[in-house]
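First comes the structure, then the notes that go with it.
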Amino acid sequence: MNKAKRQAVIAGNWKMNKTAAEAAELINELIPEVSGADCGVVICTPFTDLPVAVSKTAGTNIKVGAQNVHFEKSGAFTGEISADMLTELGVEYVVIGHSERRQYFGETDVTVNKRVTAALAAGLKVILCVGESKTEREQGITAELVALQTKIALIGVSEADLANVIIAYEPVWAIGTGLTATAEQAEDVCKGIREVIASLYSNSAAEALTIQYGGSMNAKNADELLAMPNIDGGLIGGASLKAPDFGAIVKAASK
Ligand code: PGA
């Protein structure tokens with residue numbers, strides 16, 4: 001982290017976990033765990049939990065995010081949720097391009113880009129996920145692939161709008177597997193992303209960008225990952241569902 005230059009943000013990605021009643025319980029536990037945080041704190045819940053998440057976190061330091069958004073404003077898109085639907089609820093963030101969306105639901109770099117621009121236009125803050133598979137890492141194309149994902153996702157995004165974007169580097173092979181990228185591997189890719197942003201925009205935009213690591217980040221490995229200069233926080237899956245674990249990661253980012 002380099003808190004002099006940019007904000008550290010810890011975001012929980014609850015994935016398809018927690019009914020609204022269970023979400024209310026977890027948020028009650030989370031509030032005291034993160035109340036003294038010296039970093040941004042976000043929880044990205046299932047759509048059905050968003051109203052309770054927004055009302056329960058009102059007046060606290062926890063911000064609420066969704067896990068996806070459609071790119072059209074309205075219309076015949078059965079099952080989809082628009083950016084305006086989210087902002088009207090009081091949702092501030094949205095995760096876009098998570099590898100599970102890419103892997104299981106046909107998301108492409110092009111649809112990720114459409115979602116990013118629609119979300120930003122509606123005033124949402126975007127957590128844009130990029131990352132390579134195990135095969136891609138073995139093929140030695142991680143840097144190129146992540147650069148391409150980043151560049152395509154940000155087509156049409158102005159430097160002013162970039163201030164509302166966080167990039168989460170999530171190696172697919174580390175998500176939910178218990179395998180974490182080493183701090184050096186994660187730093188290497190996060191640094192590469194910052195260089196891509198510098199080339200697309202400016203040095204100052206790159207310096208100000210919050211870049212998270214995600215993939216089996218937990219209370220034990222958070223310190224080491226967050227000690228890296230280009231890792232400004234985390235996108236936390238499994239460990240975000242346990243209040244003490246999430247609280248410990250937030251505390252690590254608050255140092
Ligand atoms: P994990 O998930 O922490 O359970 O590996 C991270 C993510 O998918 O955002």
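All values below were derived from every heavy atom in this structure, side-chain atoms included, with hydrogens, water molecules and symmetry-related copies excluded. One-based numbering, in listed order, for ligands and for the atoms of each.
At the top of the distance list for atom 7 (C) of ligand 1, counting protein heavy atoms only, stands E170 OE2, 3.1 Å. With respect to atom 4 (O) of ligand 1, the closest heavy atom belonging to the protein is G238 N, 2.9 Å. In terms of protein heavy-atom proximity, atom 3 (O) of ligand 1 is nearest to G237 N, 2.9 Å.
For K134, the side-chain hydrogen bond (donor to acceptor under 3.5 Å, both in side chains) partners are E138, not counting sequence neighbours.
Within the listing of ligand 1, atoms 2 (O), 7 (C), 8 (O) sit less than 4.0 angstrom from a heavy atom of K15. Atom numbering of ligand 1 starts at 1 in the shown order; those under 4.0 Å from a heavy atom of S216 are 1 (P), 3 (O), 5 (O). Contact atoms of ligand 1 toward H98: 7 (C), 8 (O), 9 (O) (distance under 4.0 Å to a heavy atom of the residue). Each of the following atoms of ligand 1 lies closer than 4.0 Å to a heavy atom of G215: 5 (O). Atoms of ligand 1 found under 4.0 Å from any heavy atom of G176 (numbered from 1 in listed order, with element): 1 (P), 4 (O), 5 (O).
Look at K5 and D232 and you find no salt bridge, because none of the NZ, NE, NH1 or NH2 atoms lies under 4.0 Å from a carboxylate O.
Inter-residue side-chain proximity for E170 and H98 is flagged as met; some heavy-atom pair is nearer than 4.5 Å. A 4.5 Å side-chain heavy-atom check between L124 and T87 finds at least one atom pair inside the cut-off. I43 is not listed as a side-chain neighbour of S240, based on a closest heavy-atom distance of 4.5 Å or more.
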Show me, pair by pair, the donor-acceptor contacts under 3.5 angstrom made by side chains of residues 71-80, not counting sequence neighbours?
from: K73; atom 1: NZ; to: D84; atom 2: OD2; distance (Å): 2.9

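Residue contact check for ligand 1: A239 places no non-hydrogen atom closer than 4.0 Å to it. Heavy-atom distances between G214 and ligand 1 stay at or above 4.0 Å for every pair.
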Item to check | Step-by-step salt bridge (Lys or Arg N to Asp or Glu O under 4.0 Å) determination, D109 to R102 | outcome: CA-CA 9 Å; D109 289 331; R102 295 178 192 254; 2.6 Å; yes
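Contact annotation: for N13 versus ligand 1, heavy atoms closer than 4.0 Å belong to the side chain alone. With a 4.0 Å cut-off on non-hydrogen atoms, A174 touches ligand 1 through its backbone and not its side chain.
The number of heavy atoms from other shown groups lying within 6.0 Å of NZ (K3) is above 12.
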